[in-house]
Visitor: 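Below you'll find the structure I mean.
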Amino acid sequence: MASTSLRSLLRTQSAIPRLSRGYAAKAKTLKETLAELIPKKIENVKAIRAAHGAKSFGEYTVDQAYGGMRGIKGMIWEGSVLDADEGIRFRGKTIPECQDLLPKAPGGNEPLPEALFWLLLTGEVPTQEQVTELSADWAARASIPKFVEDLLDACPSTLHPMSQLSLAVTALNHDSAFAQAYQEGINKKQYWQTTFDDSMDLIAKLPAIAGRIYRNTYGGGNAPAIDPKADYSQNLSTQLGFGDNEKFVELMRLYLTIHSDHEGGNVSAHTGHLVGSALSDPFLSMAAALNGLAGPLHGLANQEVLNWVSRMQKEIGQDASDEKVKEYIWKTLNGGQVVPGYGHAVLRKTDPRYTAQREFALKHLPDDKLFKLVGQLYELVPDILLAAGKAKNPWPNVDAHSGVLLTHYGFTQQNFYTVLFGVSRTLGVVSQLIWDRALGMPLERPKSYSSDAIKKMFEKK
Ligand SMILES: CC(C)(COP(=O)(O)OP(=O)(O)OC[C@H]1O[C@@H](n2cnc3c(N)ncnc32)[C@H](O)[C@@H]1OP(=O)(O)O)[C@@H](O)C(=O)NCCC(=O)NCCS
């Protein structure tokens with residue numbers, strides 16, 4: 001963005017009234033907090049570009065263009081940064097730090113995803129009061145339009161839950177405040193406000209959508225109403241029929257927190273940002289992101305892990321020896337398939353999201369048979385992947401563990417697992433969408449070449 005456009009954005013943002021004026025005793029809402037932050041962030045970006053805008057990230061090669069653009073630094077993502085060895089940091093905070101610092105539910109030990117969303121969006125740790133208000137705000141926005149209910153009810157139960165989720169999220173675009181404001185000719189400097197409103201609506205409606213998909217697909221009758229006093233994870237668990245199990249609700253709080261964001265280059269995050277750059281509203285952008293998440297190399301891997309483990313147990317039994325398990329792993333690789341839940345495009349060590357789930361399991365389900373098998377795989381798979389000599393990272397990722405925890409609590413419908421991932425990933429994708437619009441990020445449009453064009457370009461060099 002040219003600095004003149006940054007300057008004019010700044011002028012308009014400063015003109016946004018201080019929404020909290022006159023309510024000094026009341027904690028600032030998320031939107032009020034953002035309205036105050038945005039002018040400062042615009043200044044910050046301006047300063048970064050003035051100081052470093054002409055500097056180079058380094059060279060990249062033809063191989064990288066053919067190789068899925070690994071390592072090419074070409075995106076801005078504010079909420080989180082992924083270090084190959086250390087793993088994810090949400091606004092500079094590791095997962096254990098988030099577990100320590102973020103507000104929790106009364107009596108709970110895991111961070112509330114509401115708090116993580118606040119952190120992703122603002123870089124600040126919210127107060128308990130702010131988080132409670134955010135839970136109430138999401139609960140108040142939770143109902144879904146009748147036609148979306150009908151749309152979901154019309155889906156055959158054989159339609160994959162992720163396809164149903166994507167359909168429903170796309171359809172929410174019917175009521176997009178951003179799309180409507182755009183049609184009415186809104187000034188681009190105000191884009192972030194309706195993007196924020198749509199994002200809040202989208203997050204808020206996901207528990208009812210997920211619950212309806214789950215109950216339509218697997219049975220369980222009508223879901224109860226959203227509880228205006230409950231936190232987001234409690235409401236989601238209740239919609240799914242697991243709300244009475246406090247441990248499951250705690251698991252959801254952890255799950256929704258750690259799956260939310262993994263910097264910008266992964267398929268779902270990148271897709272959301274790319275589609276949003278065309279000024280598609282948050283519903284359309286997130287639906288596109290969900291379609292990417294539904295791929296087996298990305299979010300569907302958490303379903304695939306359980307499928308793979310179940311097939312293994314069927315073939316070699318429940319308490320198989322290390323030798324038998326090793327044979328099964330080699331059979332998978334020799335059959336030209338991946339071992340799901342292992343490897344990563346960026347990480348080069350055990351994923352701290354895996355570790356966080358392992359610690360949850362050690363605390364709450366240490367004797368679970370499937371958990372023990374996951375531990376056995378952790379001992380065996382990395383050496384085999386190293387010996388096979390292809391995977392750059394032989395260590396487990398987030399998906400290697402999540403299914404086992406869900407299964408422990410009786411949530412055995414693995415085709416649904418990626419929907420939970422999608423609910424969580426929405427927090428990260430929409431956080432960035434809001435900043436994309438606040439910072440006036442342009443249409444994303446990298447340059448591509450054909451193989452013939454590359455040949456011509458370099459054959460004489
Ligand atoms: C995540 C993943 C897609 C990353 O892909 P990537 O960045 O291309 O990974 P690498 O550079 O290490 O891949 C190099 C080779 O090792 C293979 N490889 C990587 N992880 C592997 C795994 N878990 N099992 C078997 N082979 C694997 C790749 O398929 C590739 O093979 P190829 O050269 O024949 O195409 C990959 O590790 C994978 O498929 N993992 C299993 C699926 C999964 O768990 N996905 C969730 C990720 S959070």
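Remember, it's 1-based here, ligands and their atoms both numbered in the order they're listed. Both backbone and side-chain heavy atoms feed into the values below; hydrogens, waters and symmetry mates do not. Predicted model only: the values in this text are computed from it and were never measured.
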Visitor: Find all atoms of ligand 1 within a distance of less than 4.0 Å from any non-hydrogen atom belonging to H298, and give their numbers and elements.
Guide: 46 (C)
Visitor: Just to confirm, does any protein heavy atom lie below 4.0 Å from atom 18 (N) of ligand 1?
Guide: yes
Visitor: Under 4.0 Å from ligand 1, counting heavy atoms only, is it the side chain of D351, its backbone, both or neither?
Guide: neither
Visitor: Side chain of Q130, backbone of T127: donor and acceptor closer than 3.5 Å?
Guide: yes
Visitor: Take F117 and Y232 through the ring pair (Phe, Tyr, Trp, His ring centres under 6.0 Å) test and state the conclusion after the steps.
Guide: CA-CA 12 Å; F117 181 65; Y232 189 70; 9.4 Å; no
Visitor: Side chain or backbone of V338 under 4.0 Å from ligand 1, or both, or neither, by non-hydrogen atoms?
Guide: both
Visitor: Can you name the nearest heavy-atom pair linking Y449 to I454, along with the distance?
Guide: CB-CG1, 3.8 Å
Visitor: Tell me the protein heavy atom at minimum distance from atom 20 (N) of ligand 1, and give that distance in Å.
Guide: A391 CB, 3.7 Å
Visitor: Please list the nearest protein heavy atom to atom 22 (C) of ligand 1 with its residue and the distance rounded to 0.1 Å.
Guide: V339 N, 3.7 Å
Visitor: For atom 2 (C) of ligand 1, state whether the nearest protein heavy atom is under 4.0 Å away.
Guide: no
Visitor: Against heavy atoms of G341, which atoms of ligand 1 measure under 4.0 Å?
Guide: 43 (C), 44 (O)
Visitor: To which protein heavy atom is atom 6 (P) of ligand 1 closest, and what is the distance rounded to 0.1 Å?
Guide: R70 NH2, 3.5 Å
Visitor: Tell me, which protein residue and heavy-atom name are nearest atom 15 (C) of ligand 1, and how many Å apart are they?
Guide: K390 O, 3.8 Å
Visitor: Test side-chain hydrogen bond (donor to acceptor under 3.5 Å, both in side chains) on Q376 and D322 and set out the steps.
Guide: CA-CA 8 Å; Q376 189 182 14; D322 284 357; 2.8 Å; yes
Visitor: Can you find a protein heavy atom closer to atom 30 (C) of ligand 1 than 4.0 Å?
Guide: no
Visitor: Hey, is atom 47 (C) of ligand 1 touched by any protein heavy atom at less than 4.0 Å?
Guide: yes
Visitor: Is the shortest side-chain N to carboxylate O distance from R89 to E97 below 4.0 Å?
Guide: yes
Visitor: My understanding is that only one of D399, N393, N397 makes a side chain to side chain contact (heavy atoms under 4.5 Å, CB included) with D351; could you say which?
Guide: N397
Visitor: Name the closest protein heavy atom to atom 11 (O) of ligand 1, giving the residue it belongs to and the distance to 0.1 Å.
Guide: K392 NZ, 2.8 Å
Visitor: Take atom 35 (O) of ligand 1 and look for protein heavy atoms under 4.0 Å from it; say yes if you find one, no if not.
Guide: no
Visitor: Relative to each other, are the rings of F411 and F416 parallel, tilted or perpendicular (30° and 60° limits)?
Guide: tilted
Visitor: Quick one: does ligand 1 sit under 4.0 Å from the side chain of A301, the backbone, both or neither, non-hydrogen atoms only?
Guide: side chain
Visitor: Under 3.5 Å, is there a donor-acceptor pair between the N307 and Q414 side chains?
Guide: yes
Visitor: Using only atom types and a distance under 3.5 Å, with no angle test, would you say the side chain of D281 pairs donor to acceptor with the backbone of F178?
Guide: no
Visitor: How far is atom 41 (C) of ligand 1 from its nearest protein heavy atom, and which residue and atom name does that atom have?
Guide: Y342 O, 3.3 Å
Visitor: Could you list which atoms of ligand 1 come closer than 4.0 Å to a heavy atom of H344?
Guide: 1 (C), 4 (C), 37 (O), 48 (S)
Visitor: Measure the distance from atom 39 (O) of ligand 1 to every protein heavy atom, then report the residue, atom name and distance (to 0.1 Å) of the closest one.
Guide: L297 CD2, 3.4 Å
Visitor: How close do A387 and W330 get, heavy atom to heavy atom, and via which atoms?
Guide: CB-CZ2, 4.0 Å
Visitor: I'd like to check which ligand 1 atoms, numbered from 1 as shown, lie under 4.0 Å from a non-hydrogen atom of D399.
Guide: 46 (C), 48 (S)
Visitor: Run the numbers for me: atoms of ligand 1, each under 4.0 Å from some heavy atom of N397, listed by number.
Guide: 43 (C), 44 (O), 46 (C), 47 (C), 48 (S)
Visitor: Check whether any protein heavy atom sits under 4.0 Å from atom 13 (O) of ligand 1.
Guide: no
Visitor: Specify whether W192 and F196 have parallel, tilted or perpendicular ring planes, treating 30° as the upper limit for parallel and 60° as the lower limit for perpendicular.
Guide: perpendicular
Visitor: So which atom in G79 and which in Q432 form the shortest heavy-atom distance, rounded to 0.1 Å?
Guide: N-OE1, 4.2 Å
Visitor: What heavy-atom pair brings S268 and A289 nearest, and what distance separates the two atoms?
Guide: O-CB, 3.2 Å
Visitor: Is it the side chain, the backbone, both or neither of L333 that has a heavy atom closer than 4.0 Å to ligand 1?
Guide: side chain
Visitor: Atom 42 (C) of ligand 1: which of P296, G343, G389 has the nearest heavy atom?
Guide: P296
